[in-house]
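A short worksheet on the structure shown next.
All values derive from a computational prediction rather than experimental measurement. Naming: A, B, ... by sequence-line order, numbering from 1 per chain. Below, each value reflects all heavy atoms present in this structure, side chains not excepted, and no hydrogens, waters or symmetry copies.
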There are 2 protein chains.
Amino acid sequence: MSTRTPEAEPLLTPAEVATMFRVDPKTVTRWAKAGKLTSIRTLGGHRRYRETEVRALLAGIPNQRSE
Amino acid sequence: MSTRTPEAEPLLTPAEVATMFRVDPKTVTRWAKAGKLTSIRTLGGHRRYRETEVRALLAGIPNQRSE
DNA sequence: TACCAGTGGGGTAATTAGGGGC
DNA sequence: AGTGTCCTAATTACCCCACTGG
């Protein structure tokens, strides 16, 4: 087995996102609730975040907000 | 094209499903035990999962379980 | 037959969700 | 309005060893 890679996009755990932003994991959860961050849920209810989105936000790309 | 393809449904290994959800393979096993995920067993007892179901779950479609 | 990464099974520690209050 | 902290319950991660898949 080797060429079996079912298109999986890289995801991050709440703790990883929190570390990258230097905030509390709870704050990341609030961002997700507020719709500022896309969240994907595990079957147990835990959140996972898109790495590409997080890095784009970290890079200074504003969150489509012009006012 | 192939002339004879015996109802081959794409299946995923626990490790593949775990990668897609960014969880531990053991966690996928717990989902199967809890009935949150359809599991197909090999003759040796190892689990395999339906790729279509996994993708649907990742996309946010709730599990269609009776009620 | 043997090899070996992956898996199943248990147990136990670490994260996370959620609400509440500062 | 936004963040950090405290709390409990639920979920997940990491540890072991034995067996399966190819």
Establish, with yes or no, whether the OP1 or OP2 oxygen of [N] is under 4.0 angstrom from a side-chain nitrogen or oxygen of [X].
{"X": "A:K36", "N": "D:dG2", "value": "yes"}
{"X": "B:T42", "N": "D:dT20", "value": "no"}
{"X": "A:T27", "N": "D:dT3", "value": "no"}
{"X": "B:W31", "N": "D:dT12", "value": "yes"}

Heavy-atom side-chain proximity of [X] to [Y] below 4.5 angstrom:
{"X": "A:R48", "Y": "A:P14", "result": "yes"}
{"X": "A:R47", "Y": "A:I40", "result": "no"}
{"X": "A:F21", "Y": "A:V28", "result": "no"}

*Tell me which of A:T13 and A:R30 sits closer to the 5' end of DNA chain D, going by the nucleotide each one is nearest to.*
A:R30
Partner nucleotide of [N] by Watson-Crick or wobble geometry (both distances under 3.5 Å):
{"N": "C:dG6", "answer": "D:dC19"}
{"N": "D:dT3", "answer": "none"}
{"N": "C:dA17", "answer": "D:dT8"}
{"N": "C:dT12", "answer": "D:dA13"}

Measure [atom1]/[X] against [atom2]/[N] and give the value in whole Å, please.
{"X": "B:K33", "N": "C:dG8", "atom1": "NZ", "atom2": "P", "answer": "9 Å"}
{"X": "B:D24", "N": "C:dG8", "atom1": "CG", "atom2": "C1'", "answer": "13 Å"}
{"X": "A:L37", "N": "C:dT16", "atom1": "CG", "atom2": "P", "answer": "14 Å"}
{"X": "A:L12", "N": "C:dT16", "atom1": "CG", "atom2": "C1'", "answer": "15 Å"}

*If you take atom types as modelled and just measure distance, does the side chain of A:R41 reach the base of C:dA17 with a donor-acceptor pair under 3.5 Å?*
no
*Kindly say whether, by distance alone, the side chain of A:K26 makes a donor-acceptor pair under 3.5 Å with the base of C:dG19?*
yes
*Looking only at side-chain atoms of A:H46, point me to the closest of D:dC19, C:dT16, D:dT3.*
C:dT16
_Counting only side-chain heavy atoms from C-beta out, which of C:dT7, D:dT5, C:dA17 sits nearest to B:R48?_
C:dT7
*Check ion pair B:R22-A:E16 (N to O, under 4.0 angstrom)*: yes
*Base, sugar-phosphate, or nothing for A:R47, non-hydrogen atoms under 4.0 angstrom?*
sugar-phosphate
_Ignoring hydrogens and geometry beyond distance, is a side-chain donor-acceptor pair present between B:R55 and B:T52 at under 3.5 Å?_
no
